[in-house]
Amino acid sequence: MLLVKKFGGTSVADAECIRRVAQRVREDADAGHSIVVVVSAMGKTTDRLISLAQEVNGDPHDREYDQLLSTGEQITISLLAMALHALGVEAVSMTGPQAGIKTDDSHTKAKITAIEPERVQENLNDGKVVIVAGFQGLNPSSDVATLGRGGSDLTAVAMAAALKAERCQIFTDVDGVYTADPRVVGPARKQTMVSFDEMLELASMGAKVLQSRSVEFAKKYGVELEVLSSFEHKPGTLVKEVSDMEDVLVRGVAADKNQAKVTLRGVKDTPGIAARIFTAVAQAGVNVDVIVQNVSDHGETDISFTVPREDIKRVRELLTAMSELELREIQYDDSIAKVSLVGVGMRSHTGVASEMFKALSENQINIQMISTSEIRVSVVINEGLADTACRALHTAFGLDAEPTAS
Ligand code: ASP
Ligand code: MG
């Protein structure tokens with residue numbers, strides 16, 4: 001069986017962790033499996049590299065930023081190869097470019113455009129464990145590009161798809177996907193299975209177990225994922241197509257504290273204005289999430305929207321430069337959180353939103369914005385109330401108790 005196994009930063013944080021990963025890989029190799037291992041940078045290496053960059057230049061060029069960040073994963077691959085050699089396992093390390101991972105030219109959040117896995121395949125055929133650096137690939141200018149934070153998950157899924165691996169296992173510091181963040185919600189429970197769509201919503205809503213782009217990719221190419229603990233030997237959570245799963249109403253609660261709210265006051269209420277604003281924001285590579293526009297008053301309206309907190313500086317610069325909009329005021333609020341309920345059962349049931357608002361009101365939590373999808377209801381609230389909201393919703397939707405078999 002061909003396995004792609006991905007180990008995140010905490011799983012390879014120091015030499016001892018790396019030896020433990022090597023041991024675990026050896027068990028699978030001894031069992032006769034072909035193995036590709038994808039690794040992240042050790043511990044907080046990527047964060048450290050980012051702050052180093054900031055110390056020498058507050059606004060580094062994207063190319064150099066990627067050049068720097070990609071080194072984190074390169075440390076891990078070579079060390080893991082050495083650790084496997086020490087156990088007598090044949091292994092070879094490869095950077096993203098060496099492994100044939102091609103990207104587009106958008107530095108710092110590049111998309112994978114193709115994988116040419118021949119070299120990886122040859123080494124697998126020779127019976128070697130192939131260790132691939134996550135989070136990077138080669139762009140059209142033959143420069144190294146990184147895939148965005150958490151991008152090693154994407155490397156693993158894309159590799160699994162390209163090699164038609166039987167399974168893609170994501171080893172991490174949590175042992176699966178929970179009904180809520182167990183550090184915040186005491187009674188949170190580990191799920192046996194979640195659907196791709198639910199995982200996608202949960203991931204993009206701030207459940208940081210898997211990077212959302214990796215889940216999209218897995219869904220598109222039908223790569224079954226397993227999220228499991230790198231520290232314990234026990235089953236994790238399977239992420240797969242929904243067909244054979246029970247349609248629960250609410251699968252989980254997630255909070256995203258990484259958003260900021262922008263409010264534009266006195267926006268001219270004429271066709272084309274919103275298009276101008278959001279085209280500019282999109283062209284700056286900023287993902288807008290929730291958008292709310294008020295009713296018009298004397299030809300003017302207010303528009304609020306949320307963006308990732310890290311992009312607020314970019315958005316601020318861009319909106320300030322658009323003086324032709326003649327806005328009355330622009331407000332920024334980075335003390336918000338988005339709390340979401342997710343479940344495929346919402347496709348066929350009503351009343352989730354009203355139940356949610358009721359539970360929030362009973363806890364005196366004010367709702368600033370609301371957005372929904374087919375299988376999700378999200379509210380933007382004050383960041384300081386996010387934990388309370390998660391606990392209240394977890395209880396209100398019956399997630400505290402084990403589900404009864406249906
Ligand atoms: N090292 C990168 C990060 O910290 C990629 C990853 O870990 O997935 O975001
Ligand atoms: Mg990660």
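Note that this is a predicted model, so its numbers are computed, not measured. First listed ligand is number 1; within each ligand, the first listed atom is number 1. Along the sequence shown, residues carry numbers from 1.
For Arg149, a nitrogen or oxygen atom sits less than 3.5 Å from a nitrogen or oxygen atom of ligand 1, counting backbone and side chain alike. Considering backbone and side-chain N/O of Lys6, none are found under 3.5 Å from N/O of ligand 1.
Remark: Asp387 engages Lys257 in a salt bridge, criterion side-chain N to carboxylate O under 4.0 Å.
Proximity to Ser40 (heavy-atom distance under 4.0 Å) selects the following atoms of ligand 1: 6 (C), 7 (O), 8 (O).
For Arg24 and Phe171, the positive end is not near the middle of the six-membered ring at less than 6.0 Å and at most 45° from its axis.
The shell of residues lying under 4.0 angstrom from ligand 1, judged by heavy atoms, includes Gly151. Residue Gly150 places a heavy atom less than 4.0 Å from ligand 1.
Remark: Tyr178 engages no residue in a ring pair (Phe, Tyr, Trp, His ring centres under 6.0 Å) (not counting sequence neighbours). In this structure, the side-chain contact (heavy atoms from CB on, under 4.5 Å) partners of Thr10, at least two apart in sequence or on a different chain, are Asp173.
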### Task
List the steps and the verdict of side-chain contact (heavy atoms from CB on, under 4.5 Å) for Val344 and Glu374.
CA-CA 8 Å; Val344 283; Glu374 233 191 343; over 6 Å; no
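Looking at Glu73 against ligand 1, only its side chain comes within 4.0 Å, counting heavy atoms.
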